[in-house]
Amino acid sequence: MNLVIDVGNSLVKLAVFEEGILIHKEVVELRLVLEGINTLKEAYSGIKKAIISSVGRLNKETIKEISSYFDVMILDSNLKLPFKNLYKTPRTLGVDRMALVCASVEQFSNNNVLIIDAGTCVTYDFITANNEYLGGAISPGLRMRYKSLNNLTANLPLLESETPKSIIGDSTNSSIHSGVVYGILKEIDGNIEEYNRKYSDLTVILTGGDANFLSKQLKSSIFANSNFLLEGLNYILQFNSNE
């Protein structure tokens with residue numbers, strides 16, 4: 001069994017995999033990460049290895065304690081990856097993007113794959129059927145767009161995400177929803193269309209915190225998988241353990 005530890009700004013995703021299958025997932029606050037891991041250690045005594053992503057947000061004492069429980073792997077640019085990385089600045093490639101590409105290699109080998117991660121930012125990552133990672137794009141995510149309208153203007157309110165009833169907003173609130181939601185949907189659909197023009201047999205994966213909200217409203221054909229990042233992290237752990 002493997003334990004995947006995906007550290008965010010304030011929350012940590014913990015996932016247990018057995019023979020490549022996700023059997024347990026939970027989210028804990030960063031300050032409670034050791035408590036959550038101890039609970040999983042007791043519930044799943046078969047966990048032997050762990051991988052930590054975004055390690056910079058965990059202090060050395062926490063990492064040391066986790067390492068006393070399991071054989072721990074830290075995700076960084078020095079790890080061997082199952083694809084050819086053609087990114088011009090490979091050391092600046094986010095570990096989350098590495099993991100997403102690895103998941104596509106495992107699950108959609110020999111395909112042209114575009115992975116779209118709709119979270120704090122919307123990231124686009126493309127890997128060819130020849131297993132070459134070319135790069136992608138980064139743009140503001142859904143919440144970032146709502147917050148920027150509130151933070152950078154004097155009078156616009158901060159709203160929660162909501163599906164617009166019409167592209168024509170008939171109030172300030174409905175206009176914001178229309179601009180933000182239709183804007184991000186048109187961006188994603190437009191990017192998919194552009195990749196489809198250049199690459200045949202394109203497989204598109206949508207993941208991230210806003211994947212479910214957006215997937216039902218996109219016109220493009222996609223695979224929605226909220227666990228894609230966790231699956232990629234587990235695959236990196238397996239891939240390096242077998243080296």
Side-chain angles (χ1 to χ4, degrees), residues 4-15 17 22 24-30 51-57 75 81 83 87 92-108 111-127 133-148 159-164 177 180-195 202-236:
V4 170
I5 305 168
D6 179 28
V7 185
N9 290 316
S10 58
L11 298 175
V12 180
K13 292 179 182 178
L14 303 174
F17 285 82
L22 177 64
H24 179 88
K25 181 180 74 170
E26 65 180 79
V27 179
V28 299
E29 293 182 28
L30 183 58
I51 184 169
I52 301 175
S53 174
S54 298
V55 66
R57 295 188 178 92
L75 179 58
L81 300 173
F83 58 86
Y87 208 54
T92 68
L93 181 63
V95 292
D96 53 343
R97 298 176 72 187
M98 290 182 198
L100 292 170
V101 175
C102 287
S104 75
V105 170
E106 180 187 27
Q107 299 180 34
F108 300 95
N111 283 267
N112 293 314
V113 182
L114 175 65
I115 310 110
I116 304 170
D117 184 7
T120 302
C121 295
V122 180
T123 59
Y124 301 82
D125 291 289
F126 180 71
I127 183 166
Y133 173 71
L134 303 186
I138 305 171
S139 73
L142 199 61
R143 290 307 303 159
M144 193 181 293
R145 297 178 194 219
Y146 277 110
K147 287 180 179 179
S148 67
L159 304 178
E160 294 298 319
S161 305
E162 183 179 300
T163 302
H177 289 309
V180 170
V181 176
Y182 282 119
I184 201 168
L185 290 171
K186 295 299 182 183
E187 174 195 304
I188 293 172
D189 275 324
N191 272 282
I192 294 172
E193 289 175 9
E194 189 65 25
Y195 275 93
L202 182 71
T203 298
V204 182
I205 309 299
L206 178 65
T207 189
D210 291 319
N212 290 335
F213 176 78
L214 296 171
S215 62
K216 301 171 186 177
Q217 304 175 74
L218 290 168
K219 69 176 184 179
S220 301
S221 177
I222 59 167
F223 291 99
N225 183 346
S226 60
N227 296 321
F228 208 59
L229 176 60
L230 298 173
E231 291 166 356
L233 290 170
N234 184 64
Y235 182 54
I236 291 174

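- Contact check for Leu81 versus Cys102: side-chain heavy atoms found under the 4.5 Å cut-off.
- From Tyr195, atom OH reaches atom CG of Asn112 across 11.0 Å, with rounding to the nearest 0.5 Å.
- Note: Tyr146 and His177 have perpendicular aromatic rings, judged against thresholds of 30 and 60 degrees for the angle between ring planes.
- Here NZ of Lys219 is found 11.0 Å from CG of Leu185. Values are rounded to the nearest 0.5 Å.
- The neighbour count for Phe223 CZ, taken as heavy atoms of other residues, nucleotides or ligands under 6.0 Å away, does not exceed 12.
- Contact detail for Ile236 and Leu75: the closest heavy-atom pair is CD1-CD1, 3.9 Å.
- The side-chain contact (heavy atoms from CB on, under 4.5 Å) with Asp210 is formed by just one residue from the set Leu214, Leu206, Asn212, Thr207; it is Leu214.
- Using a 4.5 Å cut-off on side-chain heavy atoms (C-beta onward), Ser161 and Arg145 make no contact.
- Closest heavy-atom contact between Tyr87 and Leu134: CD1-O, 4.4 Å.
- Interatomic distance, CG of Leu218 versus CD1 of Ile184, reported as 9.5 Å (0.5 Å rounding).
- Separation of atoms CZ (Arg97) and CD1 (Ile138) is listed at 4.5 Å; rounding is to 0.5 Å.
- By the 4.5 Å heavy-atom criterion applied to side chains, Val181 and Thr163 are not counted as neighbours.
- Ser54 approaches Val7 most closely through the heavy-atom pair CB-O, 3.0 Å.
- Side-chain contact between Leu202 and Phe126: present, with at least one pair of heavy atoms (C-beta onward) separated by less than 4.5 Å.
- Met98 contributes atom CE, which lies 5.0 Å from atom CG of Leu93 (distance to the nearest 0.5 angstrom).
- Pairing each heavy atom of Gln217 with each of Pro164, the nearest pair is OE1-CD, 4.2 Å.
- Residues passing the side-chain contact (heavy atoms from CB on, under 4.5 Å) test with Glu106 are Tyr235, Gln238, sequence neighbours excluded.
- Looking only at side-chain heavy atoms (C-beta outward), Ile116 and Ile222 stay at 4.5 Å or farther from each other.
- For the atom pair Glu29 CD and Leu11 CG, the distance stands at 7.0 Å (nearest 0.5 Å).
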